[in-house]
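The structure presented is a predicted model; accordingly, all values stated were derived computationally and were not measured.
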Amino acid sequence: FEGACIGCHAWNGNGALTGIATLNGTRAVNDPDATNVAQVVLLGARRRTAQGEVSMPAFGHAYSDAEIAAVANYVTARFGAKPSSVTAKQVAKLRKAT
């Protein structure tokens, strides 16, 4: 998280650049399976807003399944209501499905 995510999401999850990058209390970080977070880390995300299109880059090419699982579990534990326990094996299945 510190290396790749903190620049946009901030250490406290409030979004360093824009409120759209806020993690605290979002539906994705409250997913007890962490599937949404893992998919976004793998594939990235794009959203149209009144201010234009914003995006999060995909990190699937740069990080292993274990690293993505660790980030997803950290994000849900730190910014969600309760921690998740997504595994590297589950991330590998998500990666293959895309």
query: Any ion pair linking Arg95 and Asp65 (charged N to carboxylate O, less than 4.0 Å)?
result: yes
Residues Glu53, Arg47: salt bridge by 4.0 Å N-O rule: no
Taking all non-hydrogen atoms of both residues into account, name the closest pair between [X] and [Y] and its distance.
X	Y	answer
Ala77	Pro83	CB-CB, 3.7 Å
Ala10	Asn14	CB-N, 4.4 Å
Val37	Ala28	CG2-O, 3.4 Å
Gln90	Ser85	OE1-O, 3.8 Å
Gly60	Ile68	CA-CD1, 4.1 Å
Gly7	Ala16	O-CB, 3.3 Å

message: Does any part of the side chain of Thr26, heavy atoms only, come nearer than 4.5 Å to the side chain of Asn30, both counted from C-beta?
response: no
- prompt: Between Lys82 and Thr76, is any pair of side-chain heavy atoms under 4.5 Å apart?
  reply: no
- request: Name the orientation class of the two ring planes belonging to Tyr74 and Phe1 (parallel below 30°, tilted from 30 to 60°, perpendicular beyond 60°).
  value: tilted
task: Report the distance from atom SG of Cys8 to atom CG of Leu23, rounding to the nearest 0.5 Å.
output: 10.0 Å
message: Would you compute the distance between atom CG of Asn24 and atom OG1 of Thr22 and round it to the nearest 0.5 angstrom?
response: 7.0 Å
message: Any side-chain to backbone donor/acceptor pair from His9 onto Gly15? Under 3.5 Å, distance only.
response: no
- prompt: Quick check: does any side chain N or O of Glu67 sit under 3.5 Å from a backbone N or O of Ser64, one acting as donor and the other as acceptor?
  reply: yes
Path from [X] to [Y] over hydrophobic side-chain contacts below 4.5 Å:
X	Y	value
Val75	Ile6	yes
Trp11	Val29	yes
Val41	Val54	no
Leu43	Val86	yes

query: By salt bridge (Lys or Arg N to Asp or Glu O under 4.0 Å), which residues pair with Asp31, not counting sequence neighbours?
result: none
